[in-house]
Amino acid sequence: MQPITARSLVWYDSYHRTLPWRISPRERRLGAPIDPYRIWLSEIMLQQTTVEAVKSYFLAFTKRWPTVGDLGAASQDDVLRAWAGLGYYSRARNLKKCADIIVSEHGGRFPSDLPGLKSLPGIGDYTAAAIASIAFDVPAAVVDGNVERVVTRLYAIATPLPLAKTEIRMRMQALTPQERSGDFAQAMMDLGATICTPRRPACAICPLNDNCQALQSTDPELFPVKAPKKEKPIRVGAAFVALADDEIHLRSRVETGLLGGMSEVPTTQWTARVDGETGLDAAPFAANWIAAGSISHVFTHFELRLNIYKADEVEKAHVSGGWWVKVANLGDEALPTVMKKAIAAAVPDAFARRRKAG
DNA sequence: AACACGTGGTA
DNA sequence: TTACCAAGTGT
């Protein structure tokens with residue numbers, strides 16, 4: 001076994017993170033079984049998402065849907081409602097699709113090989129390798145953002161991402177042991193998350209500092225090299241919060257694209273700024289619309305600024321499509337964060353923690 | 001290859 | 001505040 005591999009595993013045995021979806025190396029040695037369902041669910045949730053953000057969602061999902069069969073029996077709408085706030089909602093749609101396929105075509109069991117895993121919706125190179133190695137002990141090369149950082153530093157790879165991906169994968173494959181491949185993958189990811197961090201890496205306490213070419217020759221913080229980011233355009237629009245007594249009007253977004261399948265208050269198109277336009281002329285139905293401020297929300301590839309309009313005592317008969325929900329029950333809806341912001345601008349206590357009456 | 005796709009935390 | 005970042009995938 002290569003020194004880097006051995007040192008990573010020794011470090012992991014003592015300093016691994018304890019996470020709700022993880023079986024510790026000690027538990028593994030004692031024969032604790034690994035549930036591929038929980039590994040899969042956690043890996044999907046962790047795509048581009050922080051561990052802290054995932055924890056409560058993972059616990060809620062596994063409590064409500066303990067097996068992939070339970071998830072297969074759920075409705076997509078229930079899954080989207082439970083996913084609301086976690087972002088990248090195509091993950092939730094693919095999660096449900098994948099569960100259905102596992103149930104209908106695989107007898108409720110996950111494939112244990114890379115091609116079988118990769119053929120499933122929402123599972124790409126990284127996730128297939130992670131599930132195969134962690135859940136099934138397949139010596140697959142697991143390459144995520146942490147591994148990219150650790151490996152480019154270990155070998156001082158100056159090729160910019162994503163071009164360097166092939167070389168990183170080859171290096172990682174060469175390091176991956178036949179035994180404990182899953183622990184090794186998690187060791188490299190934990191190292192990247194806790195020691196080999198993007199800024200101010202803790203090289204002095206790194207178990208691989210003797211092996212790190214970046215540390216020997218230059219500054220590890222210079223790796224990985226990435227292409228410069230593009231500027232975010234600004235898009236503008238208007239959102240309309242219609243109220244009737246204690247109920248608010250919602251509708252569903254189309255199934256695909258941004259926030260696909262999620263709930264929303266009616267909005268105009270989101271377009272590049274046009275001077276003088278407020279969006280009020282594009283109200284979804286006639287009502288006594290009152291300006292209720294504006295919000296800003298940053299997506300991955302653009303910033304959205306929405307003028308918010310509110311109308312009280314809307315005549316429900318004048319509104320077609322969508323549905324009405326009590327403001328107190330908004331927490332049960334599949335509302336993305338941007339929509340919660342829009343609603344909160346018009347109804348400031350919509351998402352406030354409910355106080356005891358009195 | 002390049003872009004679409006969310007959100008919240010950190011410095 | 002702006003900028004970057006976090007266990008990527010699909011097209």
Side-chain angles (χ1 to χ4, degrees), chain A residues 16-17 19-22 38-58 80 83-95 97-98 117-135 140-150 160-166 168-169 172 182 185-194 196-201 221 224 226-235 253 255-262 264 270 296-304 334-341:
Chain A
H16 65 83
R17 288 179 290 178
L19 302 169
W21 46 86
R22 175 175 283 177
R38 293 165 60 87
I39 303 302
W40 164 70
L41 177 62
S42 67
E43 292 299 343
I44 301 298
M45 288 183 166
L46 285 162
Q47 290 167 5
Q48 295 289 284
T49 308
T50 58
V51 163
E52 279 311 309
V54 165
K55 282 180 180 172
S56 64
Y57 284 86
F58 177 82
L80 285 180
W83 196 277
L86 202 51
Y88 284 136
Y89 298 100
S90 68
R91 292 185 296 170
R93 301 194 297 273
N94 283 333
L95 187 83
K97 279 186 204 160
C98 183
L117 288 164
K118 262 206 74 170
S119 71
L120 294 164
I123 299 183
D125 286 331
Y126 162 75
T127 305
I131 296 172
S133 68
I134 297 171
V142 176
V143 179
D144 76 325
N146 289 305
V147 171
E148 286 175 355
R149 188 167 57 254
V150 173
L161 286 172
L163 193 60
K165 197 100 171 184
T166 304
I168 295 168
R169 193 185 314 283
M172 191 62 180
Q186 294 177 94
M188 293 291 271
M189 292 192 281
D190 277 19
L191 268 176
T194 63
C196 195
T197 49
R199 285 157 300 200
R200 305 286 303 270
E221 211 167 309
K226 293 185 180 178
K229 305 227 160 142
K230 287 196 198 170
E231 197 174 339
K232 272 180 200 190
I234 295 174
R235 296 186 197 173
R253 293 177 62 83
E255 275 293 309
T256 57
L258 187 68
L259 309 178
M262 300 295 285
E264 66 171 7
W270 303 345
S296 175
H297 188 77
V298 180
F299 292 99
T300 306
H301 52 301
F302 67 93
E303 177 182 342
L304 177 65
L335 287 169
T337 297
V338 62
M339 292 301 160
K340 291 188 177 181
K341 282 190 194 175

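Remember, it's a predicted structure, so these values are computed and weren't measured experimentally. We name chains A, B, ... by the order of the sequence lines, and we start the count at 1 in each one.
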Base, sugar-phosphate, or nothing: which does A:G257 touch, judged by heavy atoms less than 4.0 Å apart? sugar-phosphate

Does the side chain of A:T127 get closer than 4.0 angstrom to OP1 or OP2 of C:dT9 through an N or O atom? yes

With no angle test and no hydrogens, is the base of B:dG6 tied to the side chain of A:Y88 by a donor-acceptor pair under 3.5 Å? yes

When all nucleic acid strands are considered with a 4.0 Å heavy-atom cut-off, which category describes A:V338: base, sugar-phosphate, or nothing? sugar-phosphate

Does A:L19 reach a base, just sugar-phosphate, or nothing at all? Heavy atoms under 4.0 Å. base

How long is the straight-line distance from CZ of A:R169 back to CD of A:E148, given to the nearest 0.5 Å? 9.0 Å

If you check every side-chain atom of A:L259, which of C:dG8, B:dG8, B:dG6 has the closest atom? B:dG6

P spacing across the pair C:dA6 / B:dC5, given as an integer number of angstrom: 23 Å

Rounding to a whole Å, what distance do you find between A:L161:CG and B:dC3:P? 16 Å

Looking only at the side chain of A:H301 (C-beta and beyond, no hydrogens), which of the listed nucleotides B:dA4, C:dA7, B:dG6 gets closest? B:dA4

Without decimals, in angstroms, what is the distance between A:L95 CG and C:dT9 C1'? 13 Å

Taking the side chain of A:L258 as its heavy atoms from C-beta onward, which of B:dC5, C:dC4, C:dA7 lies nearest to it? B:dC5

Does A:D190 pair with A:R22 as a salt bridge, N-O distance under 4.0 Å? yes

Let me confirm one number: the OH-CE distance from A:Y89 to A:M262, rounded to the nearest 0.5 Å. 4.5 Å

Need to verify one output field. Residue with the more 5' nearest nucleotide on DNA chain B, A:L86 or A:P162? A:P162

Using the P atom as the reference point in each nucleotide, state the distance between C:dA3 and B:dG6 in Å, no decimals. 22 Å

Is the shortest side-chain N/O distance from A:K165 to OP1 or OP2 of C:dG8 below 4.0 Å? no

Can you figure out which of B:dA1, C:dT9, C:dA7 approaches the side chain of A:N146 most closely? C:dA7

Answer with base, sugar-phosphate or nothing: what part of the nucleic acid does A:G260 contact at a heavy-atom distance below 4.0 Å? nothing

Rounded to the Å, how far apart are A:I131 CD1 and C:dG8 C1'? 13 Å

Hey, is the side chain of A:T49 pairing donor to acceptor with the base of C:dG8 inside 3.5 Å? no

To the nearest Å, how far apart are A:I44 CD1 and B:dC5 C1'? 15 Å

Atom NZ of A:K230 and atom P of C:dT2: how far apart are they, to the nearest Å? 21 Å

When you compare C:dA7 with B:dC3, how far apart are their P atoms, in angstrom units rounded to a whole number? 23 Å

In this structure, how many angstroms lie between the P atom of C:dC4 and the NZ atom of A:K232, rounded? 9 Å

Closest contact, heavy atoms only, A:G257 versus A:R93: O-NH2, 4.1 Å

For a quick check of understanding: with a heavy-atom distance under 4.0 Å over all strands, which category does A:S42 fall into, base, sugar-phosphate or nothing? nothing

Out of C:dT9, B:dG6, B:dG8, minimum distance to the side chain of A:T337 belongs to B:dG8

Return the 5'-most residue of the pair A:T197, A:Q47 with respect to DNA chain C, ranking by each residue's nearest nucleotide. A:T197

So what does A:W21 hit on the nucleic acid, given a heavy-atom distance under 4.0 Å: a base, only sugar-phosphate, or nothing? base

Contact class for A:R22 (heavy atom, under 4.0 Å): base, sugar-phosphate, or nothing? base

Atom CG of A:D125 and atom C1' of C:dG10: how far apart are they, to the nearest Å? 12 Å

State whether the distance check finds a donor on one side and an acceptor on the other, under 3.5 Å, for side chain A:R200 versus base B:dA11. no

Whether the side chain of A:T300 and the base of B:dG6 hold a donor-acceptor pair under 3.5 Å is what I'd like checked. yes

Check whether the side chains of A:N146 and A:R149 place a donor and an acceptor atom closer than 3.5 Å, and report yes or no. yes

May I ask you to verify if any side-chain N or O of A:H297 is less than 4.0 angstrom from the OP1 or OP2 atom of B:dT7? yes

If you check every side-chain atom of A:P198, which of C:dA7, C:dA6, B:dT7 has the closest atom? C:dA6

Hey, are A:E303 and A:K232 close enough for a salt bridge, meaning a charged N less than 4.0 Å from a carboxylate O? no

Checking contacts here: which listed nucleotide (B:dA2, C:dG8, B:dG6) is nearest the side-chain heavy atoms of A:Y126? C:dG8

Measure the distance from NZ on A:K97 to P on C:dG10 and round it to the nearest whole Å. 9 Å

For the side chain of A:R149, starting at C-beta, report the closest nucleotide among C:dA6, C:dG8, B:dT7. C:dA6

Over 60° means perpendicular and under 30° means parallel, so classify the ring planes of A:F302 and A:F299, tilted if in between. tilted

Rounding to 0.5 Å, atoms NZ (A:K118) and CD1 (A:I131) come to a distance of 12.5 Å

